[in-house]
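Worksheet for the structure shown next.
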Amino acid sequence: MANYALIIAGGSGTRMGQSIPKQFINIYDKPILIYTLEGFQRHPLIDAIEVVCIDGWQEVLQAYANQFGITKMKWIVKGGKTGQESIRNGVYNLEGICQDDDLVVIHDGIRPMVDESVLTDVIKVAKEKGNAVTSLPYNEQIFVINPEDPSTTQKYIPRETLRRVSTPQAYRFDLLDRSYHRAFAEEIGIYGSSYTNTMMVELGETLHFAAGSDKNIKLTTQDDLELFKGYLKSHLG
């Protein structure tokens, strides 16, 4: 059984307000995506890395991988028009490479602060259960908008019943490949903000929680970049 990382870097990042895709923004002379890839490069349980890259940036990514020693990166795949299309492209590219019981760890390229312990746990749970999703308790109160008056509420959801789920997520390859073929054939769980985890639930799969970390944030705004810079200063000297 091998463990493959599927890193999603197919987005344009318009919310960041930059002229280049956010995954290629340099922080202290290193692109965000490389920080992410370094976490998987260092992890002893990751055997190989595939990156789904925004079209036109494949050669740039390869050059950065060479520069920063990302030797586990074996494949660069063209991104799709949506997040789900990008993941699908990555999954389909692994057909004929992955065995049925291999694990594929899906992760956002703009989540560069994933802990080694989080990666370890998501792989451990997926080996036991067939899938695993990084999760955390929800610590804020959640209220439901009143449909009669959207500026009011009369109902809340007990936070004890909720979990926040993000990446990394890990799935047996046979489950992942079969699910994407079905989802795109039947148009289930592939539109809007859908991701692998939400698609799996819509397809009737049971997901299993793994450990998460509050620092594993997704860099989508300028404020997020400042948080990341602060983390690097405090932890990396």
Side-chain angles (χ1 to χ4, degrees), residues 2-11 13 16 21-54 57 60-77 79 83 86-87 90 94 102-127 131-136 164-171 195-197 209-220 224-237:
N3 302 314
Y4 295 83
L6 198 174
I7 308 300
I8 307 304
M16 192 70 77
K22 57 189 171 186
Q23 58 269 35
F24 288 101
I25 294 173
N26 273 277
I27 305 295
Y28 302 133
D29 298 320
K30 186 186 297 184
I32 291 169
L33 179 56
I34 293 298
Y35 285 104
T36 303
L37 292 176
E38 284 178 334
F40 287 82
Q41 174 73 27
R42 290 191 299 264
H43 200 286
L45 297 180
I46 297 296
D47 297 297
I49 299 170
E50 174 189 49
V51 180
V52 180
C53 183
I54 185 170
W57 288 79
V60 174
L61 171 57
Q62 186 63 65
Y64 278 133
N66 295 342
Q67 178 183 352
F68 291 100
I70 310 300
T71 58
K72 289 183 181 180
M73 190 182 76
K74 305 301 182 184
W75 312 277
I76 300 174
V77 178
S86 290
I87 300 172
L94 293 174
D102 288 341
L103 293 182
V104 178
V105 183
I106 300 172
H107 189 65
D108 298 315
I110 51 172
R111 290 185 188 270
M113 294 186 285
V114 61
D115 277 334
E116 179 177 333
S117 62
V118 169
L119 261 177
T120 299
D121 195 60
V122 81
I123 291 171
K124 173 179 176 289
V125 174
K127 281 184 177 179
N131 70 65
V133 293
T134 300
S135 70
L136 286 168
R164 288 186 287 146
V165 171
S166 63
T167 65
Q169 305 169 9
Y171 304 89
Y195 207 87
T196 309
N197 51 357
F209 294 133
S213 168
D214 278 317
K215 78 176 186 183
N216 182 31
I217 63 171
K218 190 175 184 179
L219 306 187
T220 56
D224 296 332
L225 284 186
E226 296 306 315
L227 285 173
F228 182 45
K229 289 178 182 177
Y231 167 79
L232 291 176
K233 284 183 177 179
S234 63
H235 289 76
L236 305 180

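Numbers here are sequence positions counted from 1.
Contact detail for S135 and V165: the closest heavy-atom pair is CB-CG2, 4.1 Å. Here the shortest heavy-atom pairing between G10 and S86 reads CA-OG, 4.4 Å. Minimum heavy-atom separation, N26 to P31: OD1-N, 3.4 Å. The two residues G109 and T36 come nearest to each other via the heavy atoms O-OG1, 2.7 Å. When all heavy atoms of V133 and Q169 are compared, the pair lying nearest together is CG1-CG, 4.0 Å.
In this structure, the ring-ring contact (aromatic ring centres under 6.0 Å, His included) partners of F228, at least two apart in sequence or on a different chain, are Y35. Q67 is linked by a side chain to side chain donor-acceptor pair (under 3.5 Å) to nothing, counting only residues two or more places apart in sequence or in another chain. In terms of the side chain to side chain donor-acceptor pair (under 3.5 Å) criterion, residue partners of T196 (sequence neighbours excluded) are, by chain and number, Y180. Residues forming a side chain to side chain donor-acceptor pair (under 3.5 Å) with D214 (at least two apart in sequence, or on another chain): R164. In this structure A9 satisfies the side-chain contact (heavy atoms from CB on, under 4.5 Å) test together with Q23, L33, V51, sequence neighbours excluded. Take Y195 and apply the ring-ring contact (aromatic ring centres under 6.0 Å, His included) test, not counting sequence neighbours, and it matches no residue. Partners of K127 according to the salt bridge (Lys or Arg N to Asp or Glu O under 4.0 Å) rule, which considers only residues two or more places apart in sequence or in another chain, do not exist here. Partners of A48 under the side-chain contact (heavy atoms from CB on, under 4.5 Å) rule, at least two apart in sequence or in another chain, are Y4, K74, W75. With sequence neighbours excluded, no residue forms a side chain to side chain donor-acceptor pair (under 3.5 Å) with R42. With sequence neighbours excluded, no residue forms a ring-ring contact (aromatic ring centres under 6.0 Å, His included) with Y171.
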Please list every donor-acceptor pair under 3.5 Å in which a side-chain atom of residues 110-117 meets a protein atom from a residue at least two apart or in another chain.
from	atom 1	to	atom 2	distance (Å)
R111	NE	D108	OD2	2.9
R111	NE	T167	OG1	3.4
R111	NH1	N216	O	2.8
D115	OD1	K215	NZ	2.7
D115	OD2	S213	OG	3.4

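Taken to the nearest 0.5 Å, the NZ atom of K72 stands 8.5 Å off from the NE2 atom of H43. With rounding to the nearest 0.5 Å, the separation of CG in L37 from CG in L61 is 6.5 Å. Distance CZ/F24 to CD1/I34: 8.0 Å, rounded to 0.5 Å. The CG atom of L225 sits 5.0 Å away from the CD1 atom of I27 when rounded to the nearest 0.5 Å. Taking CG of L103 as the start and CD1 of I46 as the end, the distance is 9.0 Å to the nearest 0.5 Å. One finds the CD atom of Q62 at 4.0 Å from the CE atom of M73 (value rounded to the nearest 0.5 Å).
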TODO: Report the C-alpha distance between I87 and V52 in whole Å, list the side-chain angles of each, state the deciding distance to 0.1 Å, and finish with yes or no for side-chain contact (heavy atoms from CB on, under 4.5 Å).
DONE: CA-CA 7 Å; I87 300 172; V52 180; over 6 Å; no
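Annotation: salt bridge (charged side-chain N to carboxylate O under 4.0 Å, His left out) contacts involving residues 25-39, sequence neighbours excluded, comprise K30-E38.
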